Q: 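Got a structure for you, questions after.
Counting starts at 1 for both ligands and their atoms, following the listed order. Here the structure is a predicted model, which is why all the values come from computation and not from measurement.
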Amino acid sequence: MSVIDVSQIEDHERFRAELASIRPDGRRRWIYARKPKGRFTRMRTAVSVVLLAFLLIAPYVKVGGHQFVLLNIIERKFVFFGMPFWPSDFYLVAVLFLTTIVTFVVATASIGRIWCGWLCPQTVFMEMVFRKIEWLIEGSPVEQAKRHAGPWNMDRVLRSGLKILVFFALSFVIANTFLSYIISSDVLLRYVTDGPLAHLELFIGLVFFTGVFFAVFYRFREQACLIACPYGRYMSALVDEKTITVSYDHVRGEQRSKWNRDDVAAQRASEDTSAPFSRPQGKGDCLDCHQCVTVCPTGIDIRNGIQLECVACTACIDACDEVMDKVGLDRGLIRYASLGSIRSAQPPSFLSRRVVAYGLVWIVLVGAVVTMFAMRSSLDVIVTRQEGTTWVQTPQGMANFYQIRLINKTGQQTPLSIRVIEPAGISLRPLGLPSTLQPEEIIKARFILTDSRSVSSQKVVLEVRTADDSQTVTTSFVGP
Ligand code: SF4
Ligand code: SF4
């Protein structure tokens, strides 16, 4: 196997062999990303505010007695938008999970890593919360770089100390928020009022996850997307030349050269103004100003094409648009476009053949999910014969013993009744079966079926009814 000697690679080809944030000797190259500003940053900020508000508030919102979203993997109980799912609904959760994955596949094949740039909690917290706090405490990226290269004076100690304190406090809030999705906000609040010593194991877990979040946002940062996240890799594999993503228009931008507003004005003055603006021979619109690079949170140069490190955060679009505005050139040298559309100078299309194929699979899955939801019951009933029993002759007739397990999947109290539908002549005597089910109650009880006609083995159909559901159950009755 041949080994690539990185030192032999030309500078402009380095990105093929190196990560922007890792030095050739393996040490970290710290990214001091410049503050982006512009229309995409404003839109992303608005989306992030909505997402963060949802994340923080959703565990405290109740719908029909259920937490709005609950992901209790310990007890295998899930609630989505106030709708509870029990272990018996596992097939539905599995199909829902599969549909979610296919949704991401369709979206990625069509519009690239939209999840990473706009919706992923890692990006939202890092770029919209932690990095903004860092700018507040430590100043601009240039100031940060200068201070970090300098000695540990009082100013540096104080700012670093404050940053660690704030980052840790925020990480603690995030760990608590995620915990409220797992054990529920009610249980979390109870544990908080009980005090940490009353639930020491949980508190240790909470501190551990606070440490993990702190490490990610204080130190690990973009490496989480580059190294740890498998999702970023599989999304990259779904992108092809028809995918619309954050792209540099190399046809328009190359050959890079230093332009300024006067050059543009002079060029325009020498042209027929009714014709589209054209560059002088041998000059592209890219000014080689590196604004798109210094603003990038993963430290890459988008002009090298689509790269694994690009999380499609759109910061470089805003940075380049600002430069284009300043020199009087058209915006969009970096924009949402597909490689194919840039090459062909045609508008990009969201619907490639591959996207249509994935879309058809997605429609089938969504149809299956909707059907399953429509047919889903709010009551689970399992009837089995009492273990180790056959039949007993009683004065009333031949009797069989049964066990019944019931789950009230709703958050409401409901009346409960059970009766024999067929055959006629069989009576049912409940043993410990309540007449009311409490919200989300799981009960196990027994009952006896007695056949006064002394007919031998037969099928028996039962009906179990609550306020808003009824289930028909078939079981066997054995005789001599
Ligand atoms: S910001 Fe725009 S003009 Fe400046 S280097 Fe990047 S692509 Fe070229
Ligand atoms: S290249 Fe542009 S879109 Fe991609 S991560 Fe960097 S700034 Fe964001």
Q: If I take atom CG from residue L329 and atom CE from residue M324, how far apart are they, to the nearest 0.5 angstrom?
A: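 If we round to the nearest 0.5 Å, L329:CG and M324:CE are 5.5 Å apart.
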Q: Closer than 4.0 angstrom, basic N to acidic O: yes or no for D186 and R190?
A: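 No salt bridge links D186 with R190.
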Q: What protein heavy atom sits nearest atom 3 (S) of ligand 1, and how far off is it?
A: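 In this structure, atom 3 (S) of ligand 1 has L287 N, 3.4 Å as its nearest protein heavy atom.
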Q: Test of understanding: with side-chain hydrogen bond (donor to acceptor under 3.5 Å, both in side chains), list the residues that count as partners of S341, not counting sequence neighbours.
A: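 With neighbours one apart ignored, the set is S338.
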Q: Please determine whether side-chain hydrogen bond (donor to acceptor under 3.5 Å, both in side chains) holds for the pair R34 and T294, giving the CA-CA distance in whole Å, both sets of side-chain angles, and the decisive distance to 0.1 Å.
A: CA-CA 6 Å; R34 202 167 50 77; T294 56; 3.1 Å; yes
Q: Show the atoms of ligand 1 that are less than 4.0 angstrom away from any heavy atom in M324.
A: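 Near M324, the atoms of ligand 1 are 3 (S).
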Q: Identify whether the distance between the nearest side-chain nitrogen and carboxylate oxygen of R221 and E134 falls below 4.0 Å.
A: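 Result for this pair is yes, salt bridge flagged.
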Q: Starting from atom 8 (Fe) of ligand 1, which protein heavy atom do you reach first, and at what distance in Å?
A: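 Ranked first by proximity to atom 8 (Fe) of ligand 1 is C286 SG, 2.4 Å.
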Q: Considering non-hydrogen atoms of the protein only, which is the closest contact for atom 2 (Fe) of ligand 1, and what is the distance?
A: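 Nearest neighbour among protein heavy atoms for atom 2 (Fe) of ligand 1, to 0.1 Å: C320 SG, 2.4 Å.
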Q: Using salt bridge (charged side-chain N to carboxylate O under 4.0 Å, His left out) as the criterion, point out the one residue from R256, R252, R331 that pairs with D285.
A: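 When salt bridge (charged side-chain N to carboxylate O under 4.0 Å, His left out) is applied between D285 and each of R256, R252, R331, only R252 qualifies.
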Q: Does the pair K77/E440 count as a salt bridge with the N-to-O cut at 4.0 Å?
A: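 Salt bridge present between K77 and E440.
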Q: So which heavy atom in the protein is nearest atom 4 (Fe) of ligand 1, and how far is it from that ligand atom?
A: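 Going by distance alone, atom 4 (Fe) of ligand 1 is nearest to C289 SG, 2.2 Å.
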Q: Can you tell me how far apart OG1 (T243) and CG (L238) are? Round to the nearest 0.5 Å.
A: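 Between T243 OG1 and L238 CG, I get 8.0 Å after rounding to 0.5 Å.
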Q: Quick one: which ligand 1 atoms are inside 4.0 Å of a heavy atom on R303?
A: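 Result: 5 (S), 7 (S).
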Q: Answer with side chain, backbone, both or neither: which part of R256 has a heavy atom less than 4.0 angstrom from an atom of ligand 1?
A: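 Neither part.
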Q: With the threshold set at 4.0 Å, does a side-chain nitrogen-carboxylate oxygen contact exist between D288 and R303?
A: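 Looking at R303 together with D288, the answer is yes, because their closest N to O distance falls below 4.0 Å.
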Q: Listing by chain and number, what protein N/O/S atoms are under 2.8 Å from atom 2 (Fe) of ligand 2?
A: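 Hits for atom 2 (Fe) of ligand 2 below 2.8 Å: C316 SG.
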